[in-house]
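Worksheet: the structure to be examined is printed underneath.
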Amino acid sequence: MATLSLLSKSYYIVFVLSLSFIGSFPCLDDQREALLEFKDLLFGELMADNSTDMFLGGLETWNSSSECCQWALVECNSQQVTGLKLYSVFPTLGKTSTVLAPIFRIKTLMSLDISYNSIQGEIPGIGLRNLSELVYLDMRGNSFNGSIPLQLFHLANLEFLDLSDNMIEAVLPNEVVGLKSLKQLSLDANFIHGELPEEIGNLIELKKFTVPDNQISGRIPLSILQLRKLEVLNLQNNSFSLEIPADIGSLVNLTTLDLSKNRLSGEIPSSIQKMRKLETLQLENNMLSGEIPTWLFVLKEMKKLHLGGNKLAWNNNLAIKPKCKLSSLSLRSCSVKGQIPSWISNQTDLIYLDLSENDLEGDFPQWLAERNLGTIILSDNKLTGSLPSQLFQSRNLSVLALSRNNFFGELPEINTTSIMVLLLSENNFSGPLPKSISNIHRMLLLDLSKNSFSGNEFPAFGPDSLIAFVDVSYNNFSGKFLRISDSLR
Ligand SMILES: *[C@@H]1O[C@H](CO)[C@@H](O)[C@H](O)[C@H]1NC(C)=O
Ligand SMILES: *[C@@H]1O[C@H](CO)[C@@H](O)[C@H](O)[C@H]1NC(C)=O
Ligand SMILES: *[C@@H]1O[C@H](CO)[C@@H](O)[C@H](O)[C@H]1NC(C)=O
Ligand SMILES: *[C@@H]1O[C@H](CO)[C@@H](O)[C@H](O)[C@H]1NC(C)=O
Ligand SMILES: *[C@@H]1O[C@H](CO)[C@@H](O)[C@H](O)[C@H]1NC(C)=O
Ligand SMILES: *[C@@H]1O[C@H](CO)[C@@H](O)[C@H](O)[C@H]1NC(C)=O
Ligand SMILES: *[C@@H]1O[C@H](CO)[C@@H](O)[C@H](O)[C@H]1NC(C)=O
Ligand SMILES: *[C@@H]1O[C@H](CO)[C@@H](O)[C@H](O)[C@H]1NC(C)=O
Ligand SMILES: *[C@@H]1O[C@H](CO)[C@@H](O)[C@H](O)[C@H]1NC(C)=O
Ligand SMILES: *[C@@H]1O[C@H](CO)[C@@H](O)[C@H](O)[C@H]1NC(C)=O
Ligand SMILES: *[C@@H]1O[C@H](CO)[C@@H](O)[C@H](O)[C@H]1NC(C)=O
């Protein structure tokens with residue numbers, strides 16, 4: 001017994017020793033020095049006449065008397081620094097990209113995250129070229145300007161590149177083909193212009209390609225159909241024109257296809273029905289035409305379907321039986337006629353519904369009032385009747401837009417505080433405003449103009465309310481006139 005416990009104890013000691021030995025591998029001197037120099041470039045002035053216990057977003061643990069592999073935000077593989085996670089460490093310092101110079105001496109880096117640090121100036125191409133082991137490079141949310149340096153496209157091991165939310169003004173060059181291992185390329189919200197190079201089709205490992213909110217023009221290159229591993233394709237808010245590639249459906253692994261806010265024309269390609277994994281299809285605000293195909297509603301995984309703001313036509317004679325469970329649906333200006341389609345009542349997961357600018361008639365459906373949606377937009381139709389009282393009991397309702405219909409009657413008592421936007425302009429609502437309207441402290445926009453509301457009770461929002469815009473003009477209010485039709489803030 002005694003020997004056994006002695007034995008296990010010594011095993012234990014050996015085990016603990018070896019663990020701490022692994023943890024305290026001394027990091028390479030030049031790498032530690034590079035990191036300390038980087039810290040000094042960042043915070044040198046700040047630390048000069050101050051004690052050491054200042055919070056520096058994690059970099060306060062970096063000092064010359066400890067091993068750099070034990071510092072916060074540093075990743076090592078044995079003695080070598082392989083990762084730096086500097087997400088939002090110095091967001092308010094307004095440094096230029098020259099502060100990164102010491103980092104470009106750490107050639108073993110595989111992962112570099114310098115996102116959200118408001119770094120200014122051009123992307124340091126020559127320095128980044130030094131980091132040939134890089135697999136992961138996240139530079140989003142800075143103020144990098146100028147173009148994308150060609151050296152960047154020599155990082156052949158790179159799998160993840162995110163340059164989103166900067167001020168890069170560039171054409172995506174055909175040298176992009178150098179990034180052979182790339183799985184994700186994100187360039188959101190820059191000033192990328194020109195056309196997408198055909199070479200994009202050579203990045204056959206790409207799973208995610210996102211360039212929304214840029215100024216890219218021309219045709220969606222056919223070579224994009226070679227990206228068979230693609231799961232997310234987001235080209236939203238650019239200037240792409242001409243037709244969507246007819247065979248886009250061969251990208252069978254796509255879960256998100258967002259082509260909204262472009263100038264695409266032609267019909268919705270029928271090949272899209274091959275995309276069995278599609279969850280998000282956003283085609284709104286283009287110039288697409290033709291009939292809205294019913295097979296869209298047979299795609300079982302579909303959750304977000306936005307088709308509004310095109311020249312698409314709804315076939316009002318077809319009864320559809322959706323196989324999907326939508327959470328978000330926009331059929332704005334799709335010439336939907338008659339009552340609000342009853343199949344929508346079976347979409348029990350719906351939280352966003354936009355059927356504005358159609359030819360809808362009839363009453364506000366009871367089921368819609370009871371469904372607890374977050375957003376209901378039915379403006380610019382011919383709906384009529386009064387509003388069901390359940391509508392204003394809904395805990396989740398944040399946007400209700402019913403302007404320019406033929407609704408009438410008094411507003412029911414409001415027993416929800418979730419509403420942020422309430423637009424009822426140009427109907428024929430009458431009677432006094434419910435007092436409870438002032439209890440909605442989250443209300444931002446309130447437009448009750450051009451109705452027949454009467455009485456002398458105006459909404460009186462408290463000092464803590466968020467209200468930014470109120471319009472009660474063109475009604476039949478009486479009593480002391482209180483003009484609050486303009487922006488209050
Ligand atoms: C010294 O540190 C304090 C907070 O610890 C800070 O408020 C002050 O601005 C610093 N002084 C200098 C000169 O950086
Ligand atoms: C250096 O940093 C380590 C933690 O990384 C800390 O324990 C030690 O006290 C620091 N030494 C000095 C001199 O600040
Ligand atoms: C980039 O930003 C830096 C620093 O803000 C500025 O000096 C430089 O002129 C800018 N360059 C371009 C091409 O806009
Ligand atoms: C690239 O690395 C070498 C060797 O570490 C270094 O001397 C050089 O300054 C680095 N280049 C840049 C542009 O940082
Ligand atoms: C579209 O992108 C432009 C930049 O190209 C941006 O200024 C604008 O806010 C974006 N629009 C939307 C609706 O996101
Ligand atoms: C599509 O995804 C499946 C499952 O993730 C995967 O097995 C298949 O290889 C992918 N197809 C392509 C062309 O990459
Ligand atoms: C809604 O679903 C029920 C049962 O799942 C079905 O009987 C009914 O026909 C559906 N209604 C519409 C309009 O699709
Ligand atoms: C309100 O919305 C949340 C999130 O979308 C959802 O989980 C919850 O079930 C909704 N509440 C009701 C009463 O529908
Ligand atoms: C208002 O809502 C609360 C909580 O949902 C409920 O208890 C109360 O009965 C409602 N009041 C009216 C007048 O409907
Ligand atoms: C609006 O409602 C009032 C009664 O509340 C009615 O007298 C009037 O004719 C209605 N106006 C329109 C345009 O329907
Ligand atoms: C407007 O109010 C006046 C006096 O309160 C009333 O006589 C008139 O019928 C009202 N007009 C409408 C259209 O409700």
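Both counts, for ligands and for their atoms, begin at 1 and track the order of listing. This chain uses plain numbering: 1 for the first residue, then up along the sequence. This is a predicted model, so every value here is computed, not measured.
The proximity of Arg129 to ligand 4, defined as any non-hydrogen pair under 4.0 Å, does not occur for either the backbone or the side chain.
Residues Asp113 and Ser115 bring a donor and an acceptor atom of their side chains to less than 3.5 Å of each other. Side-chain atoms of Ser186 and Gln184 include a donor-acceptor pair closer than 3.5 Å. Asp188 and Ser164 are linked by a side-chain donor-acceptor pair at a separation below 3.5 angstrom, with hydrogens and angles left out of the test.
Pairing each heavy atom of Ser223 with each of Pro197, the nearest pair is OG-O, 4.5 Å. Residues Trp343 and Leu329 come closest through the heavy atom pair CH2-CD2, 3.8 Å.
Checking atom 7 (O) of ligand 4 against the protein gives no heavy-atom contact under 4.0 Å. Protein heavy atoms are found inside the 4.0 Å sphere centred on atom 11 (N) of ligand 6.
Checked against a 3.5 angstrom limit, the closest N/O atoms of Asn145 and ligand 3 fall inside it.
The contact set between ligand 6 and Arg228, taken as ligand atoms under 4.0 Å from a residue heavy atom, comprises 12 (C), 13 (C), 14 (O). Against a heavy-atom cut-off of under 4.0 Å, Phe104 is close to the following atoms of ligand 4: 1 (C), 2 (O), 14 (O). Shown in contact with Lys107 at under 4.0 Å from a heavy atom are these atoms of ligand 4, numbered in order with element: 1 (C), 2 (O), 3 (C), 4 (C), 5 (O). Atom numbering of ligand 4 starts at 1 in the shown order; those under 4.0 Å from a heavy atom of Gly127 are 13 (C).
Counting heavy atoms from C-beta outward, Lys325 and Lys303 have side chains that stay 4.5 Å or more apart.
Closest to atom 1 (C) of ligand 4 by heavy atom, among Leu100, Asn130, Ile126, Ile103, is Asn130.
Sparse packing is recorded around CD1 of Ile126, with 12 or fewer heavy atoms of other residues, nucleotides or ligands lying under 6.0 Å away.
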For the pair Cys69 and Cys76, evaluate disulfide (SG to SG under 2.5 Å) and give the outcome as yes or no after the intermediate values. CA-CA 6 Å; Cys69 290; Cys76 281; 2.1 Å; yes

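When hydrogens are left out, the protein atom nearest atom 5 (O) of ligand 3 is Gln120 OE1, 3.8 Å; that is the closest non-hydrogen contact. Taking atom 9 (O) of ligand 6 as the reference point, the nearest protein heavy-atom neighbour is Asn253 ND2, 4.8 Å. In this structure, the protein non-hydrogen atom closest to atom 13 (C) of ligand 3 is Glu122 OE2, 3.8 Å. For atom 14 (O) of ligand 6, the closest non-hydrogen atom on the protein side is Lys229 CG, 3.2 Å.
For the ligand labelled ligand 6, residue Lys277 lies inside the 4.0 Å heavy-atom shell.
The aromatic ring centres of Trp71 and Phe38 sit 6.0 Å or more apart.
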